[in-house]
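Counting convention: from 1, in listed order, for ligands and their atoms alike.
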Amino acid sequence: MWKKVIAVLIGLMIGYWYIDSFDPEKLKGKRVLITGASTGIGEHIAYHYASFGANIMITARRENALKDVISKCESLGKGNGKYHYVTADMKNMKSTKLVVQEAIKKLGGIDILVLNHILEVPLGEWLGTEKNFTMLDNIMEVNFKAYIHLTSHSLAELEKNKGSIIVVNSLAGKFGIPFVSAYSASKFALDGFFIALRQELKMRKCDISITSCILGLIENALSKLGDFGLKRVLSLVKSAQPSDAALAIVKGGAVRAREIYFPFITIPSFILRDWMPGAIDLMLSYVHTPDHYQ
Ligand SMILES: *[C@@H]1O[C@H](CO)[C@@H](O)[C@H](O)[C@H]1NC(C)=O
C-alpha cells in the first residue's frame with residue numbers, strides 16, 4: 001500500500017511543479033469569459049487575467065459590483081485589454097446562452113471559459129422539507145446545470161480556438177460534507193460531468209482542456225461558516241487568500257492542467273479519503289457539528 005501512496009504523492013507533486021511552467025505572455029490577448037466575477041475568487045480571477053493582458057467578459061447578478069470590477073481591471077490592464085460585463089442570473093438557462101453570445105460579440109470569440117459562480121445556501125440539516133426541496137432545485141440549476149449549459153454554448157467556439165474550460169470546484173466536490181449535502185452533491189455532479197466530458201473530447205480529438213480546481217480553505221468561505229464548530233477548528237489551520245487561489249486557478253488553466261489543488265495542504269486528505277474513509281467520517285463528525293445540534 002505504501003508504494004502506491006508514495007507513487008500518488010510523487011505524481012501530485014510533479015503535477016504541482018508543472019504549474020510553474022506557466023508563461024504569462026501566453027495569456028496576452030486571450031478572450032476570457034468569467035462567471036460569478038462580482039466578488040470573491042471570481043473577482044480576483046478577473047484581476048489576474050487583466051494584469052496578464054487578457055480581454056475579459058465578466059458576469060454576475062449585481063451590476064454595480066461588476067462595474068467596480070471592470071474599473072479595477074482597467075487600471076490593472078494598463079490599456080492592454082478590453083473589459084466588458086453583462087448582468088445575468090444563472091438560475092435562468094436562457095441567460096447562459098445570452099452570456100456566451102454577448103462574450104463572442106464583444107470580445108470577438110472565447111478562448112477561456114471560467115465557470116466559477118455559485119449559489120450559496122445556509123448550512124442546515126437535510127430533513128426533506130418543502131423548503132429543502134426548493135433549495136435543492138435552485139442549487140442544481142445554478143451550481144450544476146448552468147455550468148453545463150454555458151459549456152455547451154461555448155463548445156464550438158472553444159474547439160475552433162483550442163481553448164480551455166476552467167471549472168472552479170471545492171473539497172465539497174470530493175468529500176460529502178455534512179450540513180451542505182445538496183451543495184456537496186452539486187459539486188460532485190460537476191466533477192462527474194467534466195471528467196466524462198474531458199474523455200469524450202479527447203476521443204473525438206477535440207483540443208479543449210478542462211481544468212478542475214479543487215479549492216480548500218479559503219479565507220472568505222471560512223468567514224461565512226458562522227457559529228459552526230468547523231470554523232473554530234479550521235481557523236487553526238492557516239487559510240489561503242482569495243487572490244492566491246485565483247492565481248493558482250489562472251495558472252492551472254494556462255498550463256492546461258487536468259486538476260489543481262489549492263492550497264497544496266488539501267492533497268493528503270485524498271489519501272485518507274480513499275484509504276481510510278472511516279477516519280474522514282470521524283473527523284467530520286467532530287469538526288462539523290453545529291453548536292445548536294450538540
Ligand atoms: C431543511 O428545512 C428545515 C425546515 O424548513 C430547515 O430547518 C433546514 O435548515 C433545511 N435544511 C437545509 C439543508 O436547507
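Residue-to-ligand polar distances place Asn132 within reach of ligand 1: an N/O pair is separated by less than 3.5 Å.
Geometric assessment of Lys30 against the ring of Tyr49 yields a negative cation-pi assignment under the 6.0 Å and 45° thresholds.
Remark: Ile195 CD1 to Arg258 CZ distance equals 6.0 Å, nearest 0.5 Å.
A donor atom on one side chain and an acceptor atom on the other are not found under 3.5 Å apart for Glu120 and Tyr183.
Close approach of ligand 1 to Lys131 is summarised as follows: ligand atoms under 4.0 Å from at least one heavy atom of the residue are 5 (O). Within ligand 1, counting atoms from 1 as listed, the ones closer than 4.0 Å to a heavy atom of Glu125 are 1 (C), 8 (C), 10 (C), 11 (N), 12 (C), 13 (C). Counting atoms of ligand 1 from 1 in the listed order, those under 4.0 Å from a heavy atom of Thr129 are 1 (C), 2 (O), 3 (C), 4 (C), 5 (O).
Residue Glu130 does not touch ligand 1, judged by heavy-atom distances below 4.0 Å.
The main-chain N or O of Leu127 is found under 3.5 Å from a side-chain atom of Asn132 such that the two form a donor-acceptor pair.
Scored by the side-chain hydrogen bond (donor to acceptor under 3.5 Å, both in side chains) test, Lys160 finds Glu157 as partners (sequence neighbours excluded).
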